[in-house]
Amino acid sequence: PEDGKKELKAPVASDLDDKKAQGKAAETEKAPAAPQEGKFHVVKSGDTLGGIAKQYYGRASMEDMIFKANAKVIKNRNRLSVGMRLVIPEL
């Protein structure tokens, strides 16, 4: 307009759809990736974290990796319960 005022444009349905799509794309980018499932190990009598690490990684010193991946399940790293299902993360 010639009087110096800005003319407001009403949003068009396609504009709103574009903004929704952009918002969803941004949400998708921000969302953490689903945890990658590796192998599982069911604890047997006599199992230790070091022994399990040696079995899957070839090195008992990798036990901390298994412990951290199963922190919600393992309360004491020196006391594994028979039947516990442990995630064995991939390297």
(request) Look up atom NZ in K44 and atom CD1 in I52, then write down how far apart they are to the nearest 0.5 Å. (result) 7.5 Å

(message) Can you give me the closest heavy-atom contact between M62 and A53, atom names plus distance?
(response) C-CB, 3.7 Å

(message) Any non-hydrogen side-chain atom of Y56 less than 4.5 Å from a side-chain atom of P89?
(response) no

(message) What's the separation between atom OG1 in T48 and atom CZ in R77, rounded to the nearest 0.5 Å?
(response) 11.0 Å

(message) Would you compute the distance between atom CG of L86 and atom CG of L80 and round it to the nearest 0.5 angstrom?
(response) 6.5 Å

(request) Could you check if a side-chain atom of F40 sits within less than 4.5 angstrom of a side-chain atom of V87, using non-hydrogen atoms only? (result) yes

(request) Answer yes or no: is there a side-chain heavy-atom contact under 4.5 Å between M65 and L91? (result) yes

(message) Do N70 and M84 have side chains that approach each other closer than 4.5 Å (heavy atoms only, starting at C-beta)?
(response) no

(message) Checking the side chain of K75 only, and the main-chain atoms of K72 only, is there a donor and an acceptor separated by less than 3.5 Å?
(response) yes

